[in-house]
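One structure is given below, encoded as structure tokens.
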Amino acid sequence: MQPLIAERDTPPPAPAPAPAPKVKRDPAPSRIRYRLGRLWLRPWVRAAVRIWIPTLVLGGTGWLLFSQPETRAAIDSVYAKAVDAVRERREFRLVGMSITGASEPLKAQIAEAVGVAFPVSSLDLDLGQVRERVEALAAVREARVSVVGENVLSLNVIEQQPAAILRDGADLVLLDTEGHRIAQIAERGVRADLPLLLGTGAERSVPEALALLRIARPIVGRLRGFVRVGERRWDIVLDRGQRIMLPEKGALSALERVIALQQAEDLLSRDATRIDLRDGDRPVLRLTPYAIGEMTRQREPEPQGEET
Amino acid sequence: MSSRLFESQRYMRDRLRSALRRGVVGVIDIGSSKISCLILKVDVERLDAHRADGLGAQGGLDALRAIGFSSTRSRGVSMGEIAVMDETERGIRTVLAQAQKHANQRVDQVIVSIAGGQPRSYGVSGEVGVANGEVSAMDIGAALAACDMPSFGEGRDVIHAQPVNFTLDHRTGLADPRGQVGARLSVDMHMLTVSHAAIRNIAHVVKRCDLDLAGVAVSPYASGLSALVEDEMELGAACVDMGAETTSVSVFLKRHMIFADMVRLGGQHITQDIAQAFAAPVEDAERTKTLHGELQATGMDDREMLELRRIGADREYERRQISRTELIGVIRPRVEEILEDVRASLDAAGFEYLPSQRVVLTGGTSQMPGMEDLASRILGRQVRIGRPLRIQGLPLPATAAPFSATVGLAAYAARPQDECWDFDLPARHGPLRLRRAMRWFKENW
Ligand SMILES: Nc1ncnc2c1ncn2[C@@H]1O[C@H](COP(=O)(O)OP(=O)(O)OP(=O)(O)O)[C@@H](O)[C@H]1O
Ligand SMILES: [Mg+2]
């Protein structure tokens, strides 16, 4: 079999003369660089170098350092010093406290409740906690705590409004509309505008007492106090020893009826010591002994008075 | 025909296929003046779809996408063969590292072109009687096995062996005779051998770069695959890749390469002629050639002067004027010589018997103005300048004529490899086969 290729009579020309002694080689990546470059193109190598190895190294050294107590102590002290340095800066120093919106005695109480010894760094002070502490005072309804410009802790207080006075044994206590105790007062006369409540469990029924008070407005001048009886129901004590005994249920409507009768027939000016409404249907009056005499005198046959 | 050929062909085919299956493959063209590399992303499903189309169907290129490209000057390659291993290795490292960076993707499998290695083309044929009246794969295998092996001589390896034509009784020009009825089946096969040393060197340099050699193709084959259009390949055409130190020729018919040859002359020789004629440094000669080189003298050229440095006494450079006519006078004879050799080669191959005889010039030297005219005059045929076909993502520089072989390697990868080699050799089976193939490969590469 003959090759298809022509036989050439001219011998192939001499190969190109070897290039002149190498002056400068063309730049080429060295073998190690080339291998590293190719290695780098493997996705897992990249992930390892970029994520895993740094994580391991950092984690490892961190763990090593922290596992030695001396280093930990050193770090702690450095940290504490740094924190102190910041804390002691003038910008954070609180030198005093200003309380607004509270009466003088309450101010003293609040100051005591806050219980901060000035000067103090505002970084050490948990304003939220201060607020809670102040609001925990019964006489304070709401408090706003802030640090204002001149290194002063400012407390803006809204006082709790007393709604009634409770006689608890020998003490007179102010109550708010829900029956929370606000403060003690020395004598009744200090807050003559407030109704006086007595009896066990009275403070638990303050809202009802206040509702009764609103209804009893026409006779407010004669009101002496509300007495909780048997922790169930109210008696309203008027001057001249009169007493309105209200039922357990429907006390409000019962009182309304009494007020209506008072306005129509001047019921309370009569000589009755008790107006008993405990029996829902009809009020029962207990007359003064003098009035009983009078009545028997006037209406001969009747032994004991009952009137509607 | 030895079973060894079956084994080696099958082995190369499997290697290439498994490389493609990995999704990324690199191609490296080791030229005498430049080493270039292209990294391809392979859409395996698409590729398989094309394969399923059948034997010999071209295409499959749209399953590839170029994702990295790079080219560098080549040192240490002469006449298309590796002359200085170290320099070549450095060159490959450079292009591969750059292309990988560009692609942001590592490649391990590469297909390499071999430009030198004194390719020799053989046309062989074998004939058998069809066993059962209907041609089966077995019959094709038998026909291939019946081909008489030419004596290649010492130290040569078969690099391509492709059945290009089947003849069944008196019908010829069959691409795939399976299932057809007939009595005698004959096959024409084109075989290409290159020197064993050239392939070995390539395998070695690839290994030194930590790469896996997935395939080798001779560069004329690759250039033809990318520079010829479908019709030319079908009807018959020659591709002439005019490189730096080699000018290679490949002839295609019916989409198969049927001949390849190499002329050991190229652009570098032109440069040397210029350097010698004007005593100029080689770099200057090269620059003058690429910037002002021409083949067709016009009346203007006498007056147009070019400046060229010249090596004077005491190695001092002095400036000197040459006219363009003088330059053409130096270039043209050399180009004529190259083209004469190409013609001799084509004549020996029987190019004139092809139904169509287009010639496509490609490669760096084909860019010289006037080359088309001169070539068509000397070769006596229709000539055009071919550029590599487009594949997706190909950067602009890679679409120039010098990169035909590089892009052609991509076409080679996408081309369905001959499945004929999968057909069993009659009466030769057994598990020994693969082991023997491996041994053959190890021994040789
Ligand atoms: N515009 C041009 N005009 C003339 N010659 C050119 C031009 N551009 C490049 N060349 C020449 O083309 C040659 C390079 O061609 P190419 O890149 O195809 O060669 P190669 O593939 O490296 O070598 P080979 O295929 O021979 O191994 C160089 O000699 C160069 O001088
Ligand atoms: Mg080339």
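Atoms considered below: every heavy atom in the structure, side chains included; atoms not considered: hydrogens, waters and symmetry mates. This one's a predicted model, so the numbers in the text were calculated from it and none came from an experiment. Lettering follows sequence order; numbering is per chain, from 1.
Your options are B/Q100, B/E89, B/K101, B/R208, and the one with the most heavy-atom pairs under 4.5 Å with chain A is B/Q100. Per-residue heavy-atom pair counts under 4.5 Å with chain A were compared for B/C209, B/A260, B/G91, and the maximum is reached by B/C209. Of the residues considered (B/D347, B/V107, B/T72), B/V107 shows the highest number of contacts with chain A, using heavy-atom pairs under 4.5 Å.
Neither the backbone nor the side chain of B/F152 comes within contact range of chain A; no heavy atoms are under 4.5 Å apart. Heavy atoms of A/R33 lying under 4.5 Å from chain B are absent altogether. Using a 4.5 Å cut-off between heavy atoms, B/N104 contacts chain A through both its backbone and its side chain. In this structure, the portion of B/Q105 lying under 4.5 Å from any heavy atom of chain A is its backbone and not its side chain. With a 4.5 Å cut-off on non-hydrogen atoms, A/P43 does not touch chain B at all.
Looking at every heavy atom in both residues, B/R106 comes nearest to A/L39 through NH1-N, 3.7 Å. Here the closest heavy-atom approach between residue B/R93 and residue A/P29 is recorded as NE-O, 2.9 Å. Between B/D108 and A/R38, the shortest heavy-atom contact is OD1-NH2, 2.8 Å.
When the shell of 6.0 Å around CG of A/L64 is examined, it contains more than 12 heavy atoms from other residues, nucleotides or ligands. Counting heavy atoms of neighbouring residues, nucleotides and ligands inside a 6.0 Å radius, atom CD of A/Q68 exceeds 12 of them. Enclosure of atom CZ in A/R31 by more than 12 non-hydrogen atoms of other residues, nucleotides or ligands within 6.0 angstrom is indicated. Open room surrounds CH2 on A/W52; 12 or fewer heavy atoms of other groups in view lie less than 6.0 Å from it. Enclosure of atom CD in A/E112 is not indicated, since only 12 or fewer non-hydrogen atoms of other residues, nucleotides or ligands lie within 6.0 angstrom.
When atom types are taken as modelled, the side chain of A/Y34 and the backbone of B/T94 share no donor-acceptor pair closer than 3.5 angstrom.
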